[in-house]
Enquirer: 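The structure that follows is given in the form of structure tokens.
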Amino acid sequence: MSEQLGGYTRNVRDALAHVNASDPASGDTFFRRSAPRTGLYDSAGDTGQVALTTQVMTSVPIHLRAGDVITSISARSGATAADTPTNWWFALYDNQSTPALLAQTADQTTTAWAANTTMTKALAAPVTITRSGIYWVGIMVKATAVPTLLGSAVAPAIVTGERNLSQSSGSSLTTTAPATITSATAKQFAPYLVLT
């Protein structure tokens with residue numbers, strides 16, 4: 001798409017080139033991500049903010065389009081590995097005002113999650129998105145010490161109507177994702193999550 005500006009033609013997509021730099025090289029490759037792949041850092045890099053708290057779910061918004069088929073969720077650890085994990089999983093929630101669980105990965109129980117490692121886990125069943133909008137992707141790790149994650153610092157909502165860019169919810173979670181996301185608390189670090 002192009003537009004005419006002051007006698008010259010400009011490619012409109014160039015305005016988003018920095019955001020789309022990590023888009024797939026092939027149109028046959030499908031993924032959706034919670035944020036651009038640039039400017040990420042380890043959640044341990046900002047000692048005031050953390051990506052995860054043991055037995056609490058962290059969720060981030062992600063825009064999905066009608067017709068998308070989501071089969072798996074990925075996240076990457078930072079410099080700190082999970083110490084003695086006992087439960088961990090990813091989950092996908094819908095775009096209702098009270099987001100409801102669409103699918104969850106299997107509980108990974110004691111599966112190790114090393115430092116600087118991408119984990120991709122399949123949902124229990126593929127999810128076909130029927131309505132475009134903002135959905136939520138959750139991650140929960142129960143461990144003696146949770147792994148740090150790659151992501152970015154985000155500001156909490158400061159005016160009415162802004163949605164959280166990262167939030168925590170639930171407590172004492174183990175094998176199963178909550179049926180809905182309720183009583184969410186804004187966080188200031190958003191993990192980078194990818195859906196395929």
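All residue numbers refer to positions in the sequence shown, counting from 1. Values in this document were obtained by computation on a predicted structure and should not be read as measured data.
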Enquirer: With side chains defined as the heavy atoms from C-beta onward, is the minimum distance between P191 and V60 less than 4.5 Å?
Expert: yes
Enquirer: Which heavy atom of T148 sits nearest a heavy atom of A79, and at what distance?
Expert: OG1-N, 3.4 Å
Enquirer: List the atom of A114, the atom of S77, and the distance in Å for their closest heavy-atom pair.
Expert: O-OG, 2.6 Å
Enquirer: Does T109 offer a backbone N or O that forms a donor-acceptor pair with the side chain of T111 under 3.5 Å?
Expert: no
Enquirer: Could you state the interatomic distance from CD (Q188) to CD (Q167), rounded to the nearest 0.5 Å?
Expert: 14.0 Å
Enquirer: Kindly give the heavy-atom pair with the smallest separation between P85 and A143, and that separation in Å.
Expert: CA-CB, 3.7 Å
Enquirer: Indicate yes or no for a side-chain donor-acceptor contact from R76 to the backbone of N116 under 3.5 Å, with no hydrogens or angles considered.
Expert: yes
Enquirer: How long is the gap from CE on M57 to CD1 on I139, to the nearest 0.5 Å?
Expert: 11.0 Å
Enquirer: Same cluster or not: W113 versus L52, using hydrophobic residues (I, L, V, M, F, W, Y) connected whenever any side-chain heavy atoms lie under 4.5 Å apart?
Expert: yes
Enquirer: Scan side-chain atoms only and decide if T185 and S168 contain a donor-acceptor pair under the 3.5 Å cut-off.
Expert: no
Enquirer: Is there a path from M119 to L150 through hydrophobic residues (I, L, V, M, F, W, Y) whose side chains come within less than 4.5 Å of each other?
Expert: no
Enquirer: For the residue pair I70 and L64, establish whether any side-chain heavy-atom pair is separated by less than 4.5 Å.
Expert: yes
Enquirer: Could you go step by step and tell me if I73 and L123 meet the side chain to side chain contact (heavy atoms under 4.5 Å, CB included) rule?
Expert: CA-CA 7 Å; I73 299 173; L123 294 171; 3.8 Å; yes
Enquirer: Grab the two heavy atoms, one from P61 and one from I134, that are nearest each other, plus how far apart they are.
Expert: CB-CG2, 3.5 Å
Enquirer: Same cluster or not: are Y135 and Y93 linked, directly or through other Ile, Leu, Val, Met, Phe, Trp or Tyr residues, by side-chain heavy atoms under 4.5 angstrom apart?
Expert: no
Enquirer: What I'd like to find out is whether the side chain of N87 reaches to under 4.5 Å of the side chain of Q108, using heavy atoms alone.
Expert: no
Enquirer: Are S166 and F189 side-chain neighbours, meaning at least one heavy-atom pair lies under 4.5 Å?
Expert: no
Enquirer: Please confirm whether the backbone N or O of T110 pairs with a side-chain atom of T86, one donor and one acceptor, at under 3.5 Å?
Expert: no
Enquirer: Please check: side-chain N/O of T180 versus main-chain N/O of A100, any donor-acceptor pairing under 3.5 Å?
Expert: no
Enquirer: With heavy-atom distances below 4.5 Å as the criterion, would you say the side chains of L101 and P178 are in contact?
Expert: no
Enquirer: Looking only at non-hydrogen atoms, find the nearest pair between P147 and V141 and report the distance.
Expert: CD-CG1, 3.8 Å
Enquirer: M140 pairs by side-chain contact (heavy atoms from CB on, under 4.5 Å) with which of T175, T54, L173?
Expert: L173
Enquirer: Within this structure, what is the CD1-OG distance for the pair I181 and S97, rounded to the nearest 0.5 Å?
Expert: 11.5 Å
Enquirer: Do K187 and T58 have side-chain N/O donor and acceptor atoms under 3.5 Å apart?
Expert: yes
Enquirer: Mind listing the closest non-hydrogen atom pair of A190 and V154 along with its distance?
Expert: CB-CG1, 3.8 Å
Enquirer: Distance check, rounded to the nearest 0.5 Å: F90 atom CZ versus S74 atom OG?
Expert: 7.0 Å
Enquirer: For D94 and Q96, indicate whether the former's side chain and the latter's backbone hold a donor-acceptor pair under 3.5 Å.
Expert: yes
Enquirer: Between R131 and N95, do the side chains contain an N or O donor and an N or O acceptor separated by less than 3.5 Å?
Expert: yes
Enquirer: Got R163 and W136 here, is their nearest side-chain heavy-atom distance under 4.5 Å?
Expert: yes
Enquirer: With rounding to the nearest 0.5 angstrom, report the CG to OG distance, L193 to S59.
Expert: 9.5 Å
Enquirer: Is any side-chain heavy atom of W88 closer than 4.5 Å to one of T105?
Expert: no
Enquirer: Just how far is it from atom NZ of K142 to atom OG of S172, taken to the nearest 0.5 Å?
Expert: 8.5 Å
Enquirer: Of D68, V69, L92, which is the lone residue that meets side-chain contact (heavy atoms from CB on, under 4.5 Å) with L195?
Expert: L92
